[in-house]
Amino acid sequence: MTFMRRKLSTLFFVLIIPIFFIAGCSSNSQQSNSNKIKLNFFNQKPEISSQYQKLAKMYTKEHPNVSIQITTSGQGGGAAALQAKFASGEAPDIIMLGGLPEIDRYKDHLVSLQGLPATKTILPSLRSGGISEKRLVGLPVDLEAYGWSYNKAVFAKAGVNAAAIHNYADFVRAVKKIDAQKDKLGLSGVFGFNGADTNSIASVSAQFTSQAYDNDQVKAFKSTEFPWKYGTQMHAYYTLIRNYSVQPILSVKYDPSVQDLFYNGKVAMIPQGNWIVPTLDGIEKGFVQKNLGMLPFFTKNDGSDRLLTGSSWYLGVTNDHPKREKAAKDFVNWMFTSRDAENVIINEMRFVPATKNFDVTRLPDDLSKDIYRIGSAKNARAPIHKQYPNGFSTQVLGPYIQRYFVYDITWKQLEKVVTTKYRQLREIQSGE
């Protein structure tokens, strides 16, 4: 009898252990799932969506408790798509923002990033573009240079030495020299200006308005007046573009201007920045190193002009999902400090880094290295066109310059309407 009781007790013990083990595993599994954090990252640069996907996979491999979903919307529709996310109650955890007006729109949703180690690495000239009410709420995505992108091969065939162009008069002489040989060189125009894009048209104005605000982005954002301090030079350049660009100018679109006209040597210059580097090297490996050069706009025209260097886009973290806030900050910080992230950013995104900690000797072309040198200098000059009132570039300045291009409005008429519309939009949006 005693033997039977011992046998039953042993059998019960053997059976009960797996039950406890299964229950324990189930509990651990549920706990593991409950600790899983899913981050939503809203990206407004479609051209680097695949690279952000790669960064997300690299990060989640190291941090298996985190998953990252990247939503991309750009080509002019990003801002509206982001607003729709917030309106529907689906605020992303990480958002890409274009300029202080957009940062100001979401300022109540953005957390301070000041405490992140990454903030210590940001180039000083780029910090002001991510500040709202004295809080650092955005980190610059990259360092961009903006000026005249020129085709070295076309310049060489035309006998133009870019290094000898020091002022506006030199620039005009070079333009006329190239134009005189247009047929022999097989050019469709000296410039391949994408006049169909109002945003691109308006962005050229940064070459003149930035200097008026001493390249101070916060000062520009708070101003209620469109600056005409360098209006004479602005007028001269837009007129030069109108006279020497591929015609009809309003039919030229962004992608063809870069991928067809510029790459194929059908034009000598386009007013663009180093964001065209991945496109050009994607068409032909090594094209950028061999054929892409950049010249500044000669605005002050006193020998001090240099390429504008800044960042059009900033990354922010929202406070809408407190339980995910730390994980979002950690991922953003990793992108700005990790050696693995550096490899993707420099070699695949082809970004000039907005930080002091990345190894810029690894940049694959001399132009990018030169841009970093200019942009990291104490006298770096940042463009301020992203600080215009919302809608000003695409609804006012761009369309009215298009009208100027086709002789539908005089420059004096343009100045008058631009001045009025700028003030009205700023006052409405500032709540004054």
Side-chain angles (χ1 to χ4, degrees), residues 45-52 54-55 96 118 121-127 129 139-156 162-163 165 203 206-207 215 254 257-259 262-263 269-297 305-315 335-383:
K45 285 177 72 67
E47 66 273 20
I48 55 168
S49 178
S50 61
Q51 289 89 339
Y52 271 137
K54 183 172 183 176
L55 287 173
M96 184 181 288
T121 73
I122 300 303
L123 294 175
S125 63
L126 304 180
R127 286 180 64 88
L139 299 183
V141 170
D142 65 338
L143 177 66
E144 297 174 338
Y146 187 32
W148 286 104
S149 292
Y150 67 89
N151 188 309
K152 292 179 182 178
V154 175
F155 266 45
I165 301 175
S203 66
Q207 304 291 340
N215 305 92
Y254 177 88
S257 73
V258 177
Q259 299 176 28
F262 187 79
Y263 168 72
M269 290 179 270
I270 52 176
Q272 290 291 350
N274 58 308
W275 50 82
I276 67 174
V277 164
T279 298
L280 294 172
D281 264 6
I283 299 172
E284 179 186 335
K285 188 175 182 180
F287 178 89
V288 170
Q289 176 68 7
K290 181 176 66 175
N291 267 336
L292 180 63
M294 289 189 73
L295 284 168
F297 278 67
D305 291 298
R306 62 183 64 85
L307 293 174
L308 291 183
T309 52
S311 187
S312 297
W313 302 99
Y314 284 72
L315 294 182
M335 284 194 289
F336 283 85
T337 58
S338 162
R339 180 76 170 185
D340 290 334
E342 176 185 333
N343 290 332
V344 175
I345 289 169
I346 285 180
N347 296 312
E348 297 184 35
M349 289 184 174
R350 297 296 298 274
F351 279 173
V352 176
T355 60
K356 296 179 286 187
N357 59 316
F358 283 3
D359 183 3
V360 293
T361 63
R362 302 174 67 209
L363 289 167
D365 61 88
D366 292 335
L367 177 61
S368 293
K369 293 173 184 174
D370 202 37
I371 288 169
Y372 185 84
R373 178 185 60 79
I374 296 169
S376 60
K378 288 184 178 180
N379 57 2
R381 293 176 175 172

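All residue numbers refer to positions in the sequence shown, counting from 1.
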What's the spacing between Ser338 OG and Asn343 CG if we round to 0.5 Å?
-> 8.0 Å
Check: Leu308 main-chain N/O paired with Gln207 side-chain donor or acceptor under 3.5 Å = no
Which residues satisfy the salt bridge (Lys or Arg N to Asp or Glu O under 4.0 Å) test with Arg362, sequence neighbours excluded?
-> Glu342
Closest non-hydrogen atom pair, Val141 against Tyr314 = CG2-N, 4.1 Å
Here the gap from Lys152 atom NZ to Leu292 atom CG, rounded to the nearest 0.5 Å, amounts to 7.5 Å
Donor-acceptor contact below 3.5 Å, side chain Ser149 vs main chain Gln272 = yes
Leu307 CG to Trp148 CH2 distance, which is reported to the nearest 0.5 Å | 13.0 Å
Looking at side-chain heavy atoms only, is the closest gap between Arg306 and Asn379 below 4.5 Å?
-> yes
Can any side-chain N or O of Asp142 pair as donor or acceptor with the backbone N or O of Val352 at less than 3.5 Å?
-> no
Give a yes or no on whether the backbone of Pro46 and the side-chain of Ser49 come within a donor-acceptor separation of less than 3.5 Å.
-> no
Leu363 and Phe351 have their tightest heavy-atom pair at CD2-O, 3.6 Å
What are the two closest non-hydrogen atoms of Ala382 and Ser125, and how far apart are they?
-> CB-O, 4.4 Å
Could you tell me which non-hydrogen atom of Met294 sits nearest to which non-hydrogen atom of Ile371, and how far apart they are?
-> SD-CD1, 4.2 Å
From the options Lys290, Lys285, Arg350, select the one residue that forms a salt bridge (Lys or Arg N to Asp or Glu O under 4.0 Å) with Asp365.
-> Arg350
Kindly indicate whether the side chain of Pro353, heavy atoms from C-beta on, has any atom under 4.5 Å from the side chain of Phe336.
-> no
So, for Tyr372 and Leu123, which heavy atoms are closest and what is the spacing to 0.1 Å?
-> OH-CD2, 3.8 Å
Quick one: CG on Asn357 to CZ on Arg339, what's the gap to the nearest 0.5 Å?
-> 10.5 Å
Residue pair Asn274 / Ala145: nearest heavy atoms and the distance that separates them | OD1-N, 2.7 Å
Once you round to the nearest 0.5 Å, how far does CG of Leu55 lie from CE of Met335?
-> 7.0 Å
Can you tell me how far CD of Gln259 sits from OH of Tyr254, rounded to the nearest 0.5 angstrom?
-> 8.5 Å
Non-hydrogen side-chain atoms of Ile122 and Pro140 separated by less than 4.5 Å | yes
Between the main-chain N or O of Val258 and the side-chain N or O of Thr279, is there a donor-acceptor pair closer than 3.5 Å?
-> no
Between the side chain of Thr121 and the main-chain N/O of Ala118, is any donor-acceptor distance below 3.5 Å?
-> yes
Among side-chain atoms of Ser312 and Glu144, is any donor-acceptor pair under 3.5 angstrom?
-> yes
Which word best sums up how the rings of Phe287 and Tyr263 line up, parallel for under 30°, tilted for 30 to 60°, or perpendicular for over 60°?
-> tilted
Is the distance between the ring centroids of Tyr146 and Trp275 under 6.0 Å?
-> yes
